[in-house]
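Structure record follows, encoded as structure tokens.
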Amino acid sequence: MDKNRSLKGARIALIEDDRLLRSSLEIFLRVRGAFVEAFECAEDAILAVSLGGFDAVISDFLLEGENGVYILLRARQASKTVGTILITAYGISTISEDARQAGVDILIFKPFSTIDLENALHQAIGKGMTGSRSVPEAG
């Protein structure tokens, strides 16, 4: 394993209502060295991310209750340096502007690979030092 590519010690919140995907991503992130708190619904995740303490928060867009943009907005309000990643199956024009306004760092479209997610995490966690953003412009 490339030490520069590990997620060793990173605290990551994962919010995904699809049990199989949530479980798979949680295992992958833990194998890569991250500490993961996984949530299946917005309600459970909102309090946790509002308290801060995460290096990155990954949320699906479509959840029961609040959507992922709202969760990531709450994470951003708790910490200006938290990396935020929104996962969606919807087209870019549907949510891109809302994501940008909420301070979402990276948008990932389903289906995606674990390599895509890991690269996004490295970029999002690293942005705390650079202040860069990767949410694409709405087309």
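Considering only residues two or more places apart in sequence or on other chains, Gln101 meets the side chain to side chain donor-acceptor pair (under 3.5 Å) condition with Glu97. Looking at residues two or more places apart in sequence or on another chain, you find no side chain to side chain donor-acceptor pair (under 3.5 Å) involving Arg22. For Glu37, the side chain to side chain donor-acceptor pair (under 3.5 Å) partners at least two apart in sequence or on another chain are Arg11. The side chain to side chain donor-acceptor pair (under 3.5 Å) search around Asp17 returns none, not counting sequence neighbours.
A salt bridge (Lys or Arg N to Asp or Glu O under 4.0 Å) check over residues 48-61, counting only residues at least two apart or in different chains, returns the pairs Asp60-Lys110.
Note on Leu63: it clusters hydrophobically with Leu107, by side-chain heavy-atom contacts below 4.5 Å among ILVMFWY residues. In terms of hydrophobic clustering, with Ile, Leu, Val, Met, Phe, Trp and Tyr side chains grouped at heavy-atom distances under 4.5 Å, Val31 and Phe35 are assigned to different clusters. In the hydrophobic clustering of ILVMFWY residues, with side-chain heavy atoms under 4.5 Å counting as a link, Leu62 and Leu73 come out apart. The hydrophobic clustering, which links ILVMFWY residues whose side-chain heavy atoms are closer than 4.5 Å, places Ile85 and Leu7 together.
The closest side-chain heavy-atom distance from Leu25 to Leu117 is below 4.5 Å. Side-chain contact between Ile87 and Phe112 is present, with at least one heavy-atom pair separated by less than 4.5 Å.
With rounding to the nearest 0.5 Å, the separation of CG in Asn67 from CD1 in Ile15 is 11.5 Å. Distance check: Ser23 OG to Glu16 CD gives 11.0 Å after rounding to the nearest 0.5 Å. Once rounded to the nearest 0.5 Å, the distance linking CZ of Phe28 with OG1 of Thr114 reads 4.0 Å. Rounding to the nearest 0.5 Å gives a distance of 11.0 Å between CD1 of Ile95 and CZ of Arg100.
Nearest heavy atom pair, residue Ala56 against residue Ile125, reads CB-CG1, 3.9 Å. Of all heavy-atom pairs between Ile108 and Ala120, the closest is CD1-CB, 3.6 Å. Of all non-hydrogen atoms in Asp105 and Thr84, the two that sit nearest each other are OD2-N, 2.8 Å.
For the side chain to side chain contact (heavy atoms under 4.5 Å, CB included) with Arg76, the qualifying choice from Ile71, Thr81, Val82, Val57 is Val82, the only one to do so.
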Which atom pairs, one a donor and one an acceptor, fall under 3.5 Å between side chains of residues 38-54 and the rest of the protein, sequence neighbours left out?
unit_1, atom_1, unit_2, atom_2, d
Ser50, OG, Ile46, O, 2.7
Ser50, OG, Arg74, NE, 3.4
Ser50, OG, Arg74, NH2, 3.1

